Structures are given as C-alpha cells and as structure tokens.
K.L.:
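Quick one: the structure is below, questions incoming.
Only a predicted model underlies this, so the values are computations on that prediction, with no experimental measurement involved. Note: hydrogens, waters and symmetry copies are ignored here, and every other heavy atom, side chains too, is used.
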Amino acid sequence: QAVVFQEYPKVWKAYVELSQYGYALMTGSGACLFIASESHQEANTIYQQVSQSYEAYCVEGLDIHPLFHMISKLGSRQAVKTLDFDSSMR
C-alpha cells in the first residue's frame, strides 16, 4: 500500500476519506479500496457519502468463490481446461 499511496496521492486521499467510516483496505492488486459494513443500511449510508466524490459501488461479499463450486463439480484438471484462454490470445 505504501508504494501505491506514494505514487498516487489521489488514492491516499480516497483511503483517508474512506477510513472515516471504518477500517479501509486495498485489494491485493491495488485496483480498489473497500470497507466492510455490518448492515445494508450502513453500507448504503457510506456509499451515498463516498459516491459524491468517487466512483463507488455497494456490493455484497461472497462466502465462497464461484470457481470453488466448478472445481468441486468438475475436478481441478477439467476446471483448468474449461478456464483455459483462447490459444490465439497467447
């Protein structure tokens, strides 16, 4: 995070502003900032404030990644084959 904040002051500013509502986090890739909330109402309140200054989304998290179900059903080898990129993209 420190590198992103140093290179992109606007991200630091957004992080500081989002931190007013709780414990703000950054995705592993640094593509976005997020905050967890206890209820839809709380999330919507935060969204209403943040979306005035930033592109924002109010979403519900997943307990289990959707690919987990695919791997469970197909087995890991078949799932990888199913998800393989088009060979022309390589």
K.L.:
Can you sort out the partners of Y21 under side-chain hydrogen bond (donor to acceptor under 3.5 Å, both in side chains), two or more places apart, ordered by chain and number?
P.N.:
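Partners of Y21 under the side-chain hydrogen bond (donor to acceptor under 3.5 Å, both in side chains) test: none.
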
K.L.:
Does the side chain of F5 come within less than 4.5 Å of V11's, by heavy atoms?
P.N.:
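Side-chain contact under 4.5 Å: yes.
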
K.L.:
How about L18 and V50: do any of their side-chain heavy atoms sit closer than 4.5 Å?
P.N.:
yes

K.L.:
Linking I/L/V/M/F/W/Y whenever any side-chain heavy atoms sit under 4.5 Å apart, do L25 and L33 land together?
P.N.:
no

K.L.:
Is there a path of hydrophobic side-chain contacts, each under 4.5 Å between heavy atoms of I/L/V/M/F/W/Y residues, joining F34 to Y54?
P.N.:
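Shared cluster, no.
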
K.L.:
Please check if the number of heavy atoms outside Y8 that lie under 6.0 Å from its OH is greater than 12.
P.N.:
no

K.L.:
Roughly how far apart are S37 OG and N44 CG, rounded to 0.5 Å?
P.N.:
9.5 Å

K.L.:
Would you check if the side chain of S19 reaches a backbone N or O of Y23 as a donor-acceptor pair within less than 3.5 Å?
P.N.:
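Absent.
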
K.L.:
Could you measure the distance from the CD atom of Q48 to the SG atom of C58? Nearest 0.5 Å is fine.
P.N.:
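The distance works out to 8.5 Å.
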
K.L.:
If you group Ile, Leu, Val, Met, Phe, Trp and Tyr whenever their side-chain heavy atoms sit less than 4.5 Å apart, what else falls in with Y57?
P.N.:
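Via sub-4.5 Å side-chain contacts, Y57 links to V59.
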
K.L.:
Is there a continuous path of hydrophobic side-chain contacts, each under 4.5 Å between heavy atoms, that joins M26 to I46?
P.N.:
yes

K.L.:
Are any of the side-chain heavy atoms of Q49 and E17 separated by less than 4.5 Å?
P.N.:
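Q49 vs E17: side chains apart.
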
K.L.:
Passes side chain to side chain contact (heavy atoms under 4.5 Å, CB included), W12 versus Q6? Steps please.
P.N.:
CA-CA 8 Å; W12 168 250; Q6 185 175 5; over 6 Å; no

K.L.:
Hey, does the side chain of S51 reach the backbone of A56 with a donor-acceptor pair shorter than 3.5 angstrom?
P.N.:
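A pair under 3.5 Å: no.
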
K.L.:
Among residues at least two apart in sequence or on other chains, which ones pass salt bridge (charged side-chain N to carboxylate O under 4.0 Å, His left out) with E42?
P.N.:
none

